[in-house]
Amino acid sequence: MTHCPIRVRFAPSPTGYLHVGGLRTALYNYLFAKKHGGTFILRIEDTDRDRFVDGALESLVKSLEGMNIVPDEGVFLLDDPHTPARVASRHSETYPGVSEVGSYGPYIQSERLPIYAQYAEQLIASGHAYRCFCSRERLDLLRESEMAAHKASKYDKLCLKLSEDEVANRIAAGEPSVVRLNVPEDRGDIVFHDLVRGDVTIHAGNVDDQILVKTDGYPTYHLASVVDDHLMEVTHVIRGEEWLPSTPKHVLLYEAFGWDTPVFSHLPLLLNPDKSKLSKRQGDVAVEDYLAKGYLPEALINFVALLGWNPGQGSTKEIYTLAELALAFDFAQVNKAGAVFDARKLDWLNAQYIKALPIVELVEKASPFLREKEFFTSAQDNRKTDEYVTRVTEIARERLTTLAEIGDEQRFLFVEPVVDSALLPWKGNSADTTTEALVRAKDILADIPDIDWTRQRLGEILLAEAGEKRGDFLWPLRVALSGAKQSPPPQDIAWVIGKDATLLRIRTSIRLISE
Ligand code: GLU
């Protein structure tokens with residue numbers, strides 16, 4: 001057996017957004033290619049004109065590249081900052097701003113129509129496909145009678161009986177027709193090997209005479225993808241389980257053309273926690289929605305990688321970079337059973353990634369979310385500087401699940417808190433004790449030179465002053481600075497808002513409690 005280089009493809013039909021299931025398919029293709037030094041191709045399957053959405057192709061390519069799943073070959077956007085500099089081997093004729101790299105193009109199916117037409121003719125000529133003129137009404141009646149007889153819904157091959165002349169005359173008369181696959185009636189079992197499922201057997205008797213070319217002349221997915229996978233020398237077809245029932249039709253097509261079949265891998269379904277199929281109704285399914293909510297691409301990739309694959313061998317490692325995934329990934333560790341989409345796990349992973357990000361990067365990623373919040377826009381100018389935002393981010397990061405949450409629980413860092421005087425005393429302490437603690441805190445803080453106004457020094461000084469009785473001293477100070485029952489420790493707040501604001505807030509609370 002010759003050892004041919006691995007070539008895989010992600011072949012989405014652009015619908016307007018990148019589904020998390022699509023991301024997982026793209027990722028596994030990408031990882032498999034990287035692991036084996038192969039080529040990862042991005043092909044666009046846009047032959048279903050009824051489902052055409054303007055801008056969908058572009059947004060899909062953009063999302064994929066934004067997730068760092070960059071194809072080696074196929075479609076890319078010329079003006080996307082994520083795209084590595086590339087020399088286009090071809091520009092799309094129909095999508096402005098979309099180009100291609102690689103010598104197997106076009107990689108956009110709507111730009112390959114003459115190729116499919118030629119292969120459809122070849123199938124008709126060899127008897128593996130035939131023209132069908134049946135009307136929608138006849139097909140509906142057929143389906144109803146099959147259902148009534150509890151039979152599987154299949155076309156009854158009526159048009160297979162038409163003579164060549166009859167077919168030619170009806171076409172010449174302008175009658176609409178489709179091209180159907182001629183599933184041999186005596187074919188028996190169709191067996192193919194799947195890297196996830198092992199040998200899969202389906203009886204040809206259960207396979208319908210699939211439409212290969214529609215009345216509008218466009219190929220269906222089945223014909224187009226088989227022709228392209230062959231012409232693009234795809235060695236492994238890695239796709240979601242929902243395509244498993246289509247695979248026998250594809251195997252018949254490969255046989256009809258006399259081509260070798262690629263190796264198939266059907267990835268497990270993604271399920272909601274109640275084990276129903278993952279759907280938009282129960283939560284977000286678009287990658288774009290997760291990014292808009294402040295999930296990091298790296299966390300999303302890590303999460304999606306673990307939906308159906310595990311590192312095996314008792315490994316408990318959960319945090320993986322893309323490069324680590326490419327090393328570890330193996331189809332032997334991909335499950336057959338559906339993978340439950342556990343949003344809490346994604347939250348946990350995202351929080352880990354947020355904690356681990358260098359502060360400069362975290363600020364860069366989180367500040368766009370912060371800068372559009374009302375409490376931010378209405379804050380004093382000195383609380384809008386990069387330096388101030390960096391300090392806020394530093395103390396907020398420990399509690400963040402998503403970037404979008406930044407500042408939500410620390411509004412008092414931007415606007416003056418409204419303090420409830422009843423909240424100031426620590427556990428049954430009197431107003432006098434509370435005032436005494438606040439005055440002491442004010443005096444100590446007032447004496448701290450600017451050079452010592454750091455998060456660490458402030459912590460050391462305040463904790464030393466609090467001694468054994470932390471609550472008595474630190475609680476009123478924390479409430480005076482935040483107005484909240486729960487907040488970061490007072491030294492963190494004091495450090496962020498600075499000395500003047502700190503002293504002002506303490507004085508306000510002293511006044512409040514003595515009223
Ligand atoms: N165009 C199909 C889709 O939208 C591709 C299926 C396949 O990978 O063969 O998912």
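Ligands are counted one by one from 1 in listed order, and the atoms in each one are counted from 1 as well. In this text, all values refer to a predicted model and were calculated from it rather than measured experimentally.
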Report the nearest protein non-hydrogen atom to atom 5 (C) of ligand 1: residue, atom name, distance rounded to 0.1 Å. A11 O, 3.1 Å
If you measure from each non-hydrogen atom of W243 to ligand 1, which part falls under 4.0 Å: side chain, backbone, both or neither? side chain
Hey, are D289 and K293 close enough for a salt bridge, meaning a charged N less than 4.0 Å from a carboxylate O? no
Below 4.0 Å from ligand 1: does a non-hydrogen atom of S225 turn up there or not? no
Tell me yes or no: between the side chains of T377 and E372, is some donor less than 3.5 Å from an acceptor? no
Is E242 close enough to touch ligand 1? Criterion: a residue heavy atom under 4.0 Å from a ligand atom. no
Checking V98, V101, I41, L60 against V75 for side-chain contact (heavy atoms from CB on, under 4.5 Å), the one that qualifies is V98
Spacing of CZ belonging to R197 relative to OG1 belonging to T247, to within rounding of 0.5 Å: 9.5 Å
Would you say that C134 contacts C159 through its side chain, given a criterion of any heavy-atom pair below 4.5 Å between the two side chains? yes
Any idea which protein heavy atom is nearest atom 9 (O) of ligand 1, and the distance to it? Y221 OH, 2.6 Å
The closest protein heavy-atom partner of atom 8 (O) of ligand 1 is R9 NH1, 2.7 Å
S276 and D274: side chain donor to acceptor below 3.5 Å: yes
In ligand 1, which numbered atoms sit nearer than 4.0 Å to a non-hydrogen atom of E45? 1 (N), 2 (C), 5 (C)
